[in-house]
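Remarks on the structure that follows.
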Amino acid sequence: AQTVTQSQPEMSVQEAETVTLSCTYDTSESDYYLFWYKQPPSRQMILVIRQEAYKQQNATENRFSVNFQKAAKSFSLKISDSQLGDAAMYFCAYSHAGGTSYGKLTFGQGTILTVHP
Amino acid sequence: DTEVTQTPKHLVMGMTNKKSLKCEQHMGHRAMYWYKQKAKKPPELMFVYSYEKLSINESVPSRFSPECPNSSLLNLHLHALQPEDSALYLCASSQEEGGGAGGRTDTQYFGPGTRLTVL
């Protein structure tokens, strides 16, 4: 079974600074996706970034980038130029790309990010 | 457009009531999901529909009854719930290839959720 581990229950960052959230996962599959989702106090789960396992290049979305280390099964999220609106719970998630898992997401326990002005 | 809508936003019900949650997407996605989420915890998968057929039931109690009337709509019928069922209920959808036989699936997009309180 796949597992996702987020070892940082809480993190904090000063506005305009950079912060990195950690995530490790375990799988025996070769074709899968990894995601970071953000959930602010409004509770809407918002996709931040997506990585396909067979792509070597790290995904980036504006101020958000990942460091994907497939051999080490590590998938960290870097937030640059942090903004107050980045404050939220961040979930790392894994899904097998095909087969009868039907895209079932395995989530980590989440990291609460606080942004200080 | 990656919008998934859910109604109602909030629902309060007694243990003897029958109510329904509704989810809708118009992205042409053929996989739809129900999740239950308790405060400060990750979402827990309840059901997956693939091409309007129930594909995964994560051993959910029968007081929760899902329904997929068409490819855009997903309902969750609630009956005789318990106070511990109070939670945020999230719907999600994703693209799926393969006609429902377990093809390639991609990113799940979530709705805003229904906050359910059972008295």
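Throughout, protein chains are lettered first and strands after them, A, B, ... in sequence-line order, and every chain is numbered starting at 1. Values below: every heavy atom of this structure, side chains too, minus hydrogens, waters and symmetry copies.
Heavy atoms closer than 4.5 Å to chain B are found in the side chain of A/M89, but not in its backbone. In this structure, the portion of B/E58 lying under 4.5 Å from any heavy atom of chain A is its side chain and not its backbone. Interface remark: A/L105 contributes backbone and side-chain atoms alike to the contact with chain B (heavy atom separation under 4.5 Å). Heavy atoms closer than 4.5 Å to chain A are found in both the backbone and the side chain of B/T107. Proximity to chain B (any heavy atom under 4.5 Å) is restricted, for A/R50, to the side chain, taken from C-beta onward.
A donor-acceptor contact closer than 3.5 angstrom links the side chains of B/S20 and B/H77. Under 3.5 Å, the side chains of A/T106 and A/Q2 contain no donor-acceptor pair of N or O atoms.
Between the side chain of B/E67 and the main chain of B/P69, no donor-acceptor pair closer than 3.5 Å is present. B/T114 places no side-chain N or O within donor-acceptor distance of the main-chain N or O of B/L116, the cut-off being under 3.5 Å.
Most heavy-atom pairs under 4.5 Å with chain A: of the set B/Q6, B/E44, B/Q37, B/K41, this distinction falls to B/Q37. The greatest number of non-hydrogen atom pairs below 4.5 Å with chain A, out of B/G111, B/A92, B/A39, is found for B/G111.
When the shell of 6.0 Å around NZ of B/K22 is examined, it contains 12 or fewer heavy atoms from other residues, nucleotides or ligands.
Heavy-atom minimum distance, A/F107 versus B/P43: CD1-O, 3.7 Å.
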